[in-house]
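A short write-up of the structure that comes next.
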Amino acid sequence: VFSGALICGHNTGTYQIRNNTGYKISDEPGAWKYIEVRNNPELLIGGHFSGLSILIKENDSWKYHMKIKGFQESSRFLCQDSDNEIWISHGVTGITRLILNEAYDSVESLMHYNSKAGLPSDERNIAFSIDNDVIISTINGIYEFNKSDQRFAPSQKYNSIFDINSRLMAFNKQQNGDIWYIADKE
């Protein structure tokens, strides 16, 4: 739900749901997830089977605006950090960090990270955002990125919060601070 509108991603495109009816707003196939642009709530970035796109808010509806140029990878898990950089995890290739231009229509810079950058594996990593932090759920717990040395390391803070013995799969933090989560085995 963005600005009171229910958005539904689907393999045939993206729909806005109104009065129990889906109205197609984008033909871009395989919409995995949408996130609100941190410094512009009138824009949503969507992750798709083959890259990213932008939805723009017009009145009380969302409309397809454009495909973001310069990145064509599947973007099932994406989030934005406090520096407005986009983090994307891919099931088998690792983590990608994108810096988009000011217009959000193309990639200015792309960095790719895998086990050579401190992750325990190139595979099965999931990028999440919580409390303005980007965290990576891995086969060996939760990792955070240190921008000064460009490496990932286990997160003491989030590993102690979640205290799980498996990979974090999904979570929801409520307004009162409670966190509901699903892990591989918990």
Side-chain angles (χ1 to χ4, degrees), residues 1-2 7-11 14 28-38 44-55 68 70-100 107 109-147 149-175 177-186:
V1 175
F2 298 98
I7 303 297
C8 175
H10 190 270
N11 67 336
T14 300
E28 186 69 38
W32 290 111
K33 180 179 183 177
Y34 282 91
I35 59 171
E36 189 175 277
V37 173
R38 189 176 303 278
L44 300 179
I45 296 176
H48 298 270
F49 290 166
S50 60
L52 303 169
S53 69
I54 295 284
L55 297 181
I68 297 174
F71 187 74
Q72 286 78 41
E73 297 294 322
S74 180
S75 302
R76 181 176 178 188
F77 298 103
L78 72 150
C79 55
Q80 188 176 32
D81 68 17
S82 57
D83 294 327
N84 296 324
E85 296 173 358
I86 306 299
W87 293 81
I88 299 164
S89 55
H90 188 281
V92 294
T93 62
I95 304 293
T96 302
R97 184 174 112 206
L98 301 175
I99 298 173
L100 302 178
V107 174
S109 176
L110 181 149
M111 290 73 61
H112 185 75
Y113 305 100
N114 55 28
S115 56
K116 293 177 184 172
L119 292 168
S121 172
D122 296 347
E123 299 178 353
R124 301 179 60 202
N125 300 304
I126 302 174
F128 292 111
S129 177
I130 183 171
D131 297 335
N132 294 319
D133 295 329
V134 170
I135 59 173
I136 309 300
S137 174
T138 76
I139 58 172
N140 289 346
I142 298 169
Y143 279 59
E144 286 185 283
F145 186 70
N146 182 328
K147 285 189 179 179
D149 67 4
Q150 298 289 299
R151 294 193 54 79
F152 287 92
S155 170
Q156 291 181 354
K157 176 182 177 180
Y158 290 106
N159 280 314
S160 67
I161 289 173
F162 286 99
D163 191 29
I164 55 178
N165 295 313
S166 55
R167 191 168 55 121
L168 181 66
M169 301 299 292
F171 68 89
N172 183 308
K173 184 171 182 180
Q174 298 184 306
Q175 288 182 344
D178 288 349
I179 299 173
W180 294 82
Y181 69 90
I182 299 170
D184 274 338
K185 300 173 186 161
E186 300 175 60

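Since the model is a prediction, treat every value here as computed from it, not as a measurement.
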Original post:
In Å and rounded to the nearest 0.5 Å, what is the CD1 to CZ distance from Ile164 to Phe171?
Top reply: 10.5 Å
Original post:
Do the rings of Phe145 and Tyr113 sit parallel, tilted or perpendicular, given the 30° and 60° boundaries?
Top reply: tilted
**OP:** Tell me, with the steps shown, if Tyr181 and Phe162 meet ring pair (Phe, Tyr, Trp, His ring centres under 6.0 Å).
**Re:** CA-CA 8 Å; Tyr181 69 90; Phe162 286 99; 5.7 Å; yes
Original post:
Is Asp131 salt-bridged to Lys157, going by a charged N under 4.0 Å from an acidic O?
Top reply: no
Original post:
Passes side chain to side chain contact (heavy atoms under 4.5 Å, CB included), Gln174 versus Trp180? Steps please.
Top reply: CA-CA 8 Å; Gln174 298 184 306; Trp180 294 82; 3.0 Å; yes
**OP:** Grab the two heavy atoms, one from Ser74 and one from Trp32, that are nearest each other, plus how far apart they are.
**Re:** OG-NE1, 3.2 Å
Original post:
With side chains defined as the heavy atoms from C-beta onward, is the minimum distance between Arg97 and Gln150 less than 4.5 Å?
Top reply: yes
Subject >> Heavy-atom side-chain contact between Ile130 and Ile161 under 4.5 Å >> reply: no
Subject >> Minimum heavy-atom distance Met111-Ser109, with the two atoms named >> reply: SD-OG, 3.0 Å
Original post:
Under 30°, 30 to 60°, or over 60°: which ring-plane class applies to Trp87 and Phe152, parallel, tilted or perpendicular?
Top reply: perpendicular
**OP:** Say whether, by atom type as modelled, one donor and one acceptor occur between the side chain of Asp122 and the main chain of Val92 under 3.5 angstrom.
**Re:** no
Original post:
Roughly how far, to the nearest 0.5 Å, is SG of Cys79 from CD1 of Ile135?
Top reply: 8.5 Å
**OP:** Over all heavy atoms of both residues, which pair between Ser75 and Glu73 is shortest? Give the atoms and the distance, please.
**Re:** OG-O, 3.0 Å
Original post:
Any idea which heavy atoms bring Ser129 and Gln80 closest together, and the distance?
Top reply: OG-O, 3.8 Å
**OP:** Please say which of Leu52, Ile95, Thr93 ends up in a side-chain contact (heavy atoms from CB on, under 4.5 Å) with Ile88.
**Re:** Leu52
Original post:
Tell me, do Tyr143 and Ser155 make a side-chain contact under 4.5 Å, heavy atoms counted?
Top reply: no
Original post:
Would one find more than 12 heavy atoms of other residues, nucleotides or ligands at under 6.0 Å from atom NZ of Lys147?
Top reply: yes
Original post:
Which pair of heavy atoms, one from Ile139 and one from Arg167, lies closest together, and at what distance?
Top reply: N-CD, 4.2 Å
**OP:** Could you tell me the separation between the OG1 atom of Thr96 and the CZ atom of Phe71, rounded to the nearest 0.5 Å?
**Re:** 4.5 Å
**OP:** Answer yes or no: is there a side-chain heavy-atom contact under 4.5 Å between Ile179 and Lys173?
**Re:** yes
Original post:
Nearest 0.5 Å, what's the CG-CD1 distance between Leu110 and Ile86?
Top reply: 12.0 Å
Subject >> Separation of Tyr34 OH from Ile54 CD1 (nearest 0.5 Å) >> reply: 9.5 Å
Original post:
Heavy atoms, side chains only, cut-off 4.5 Å: are Val107 and Leu100 in contact?
Top reply: yes
Original post:
Any donor and acceptor pair, going by atom type alone, linking the side chain of Thr138 with main-chain N or O of Gly141 inside 3.5 Å?
Top reply: yes
Original post:
Is the CD atom of Gln156 crowded by more than 12 outside heavy atoms at less than 6.0 Å?
Top reply: no
Original post:
Any donor and acceptor pair, going by atom type alone, linking the side chain of Asp81 with main-chain N or O of Asp83 inside 3.5 Å?
Top reply: yes
Subject >> From CD (Glu28) to OG1 (Thr14), nearest 0.5 Å >> reply: 8.0 Å
Original post:
Counting distance only, does the side-chain N/O of Ser89 pair as donor-acceptor with the main-chain N or O of Ala127 below 3.5 Å?
Top reply: yes
Original post:
Which heavy-atom pair separates Met169 from Phe128 by the least distance, and what is that distance?
Top reply: O-CZ, 3.3 Å
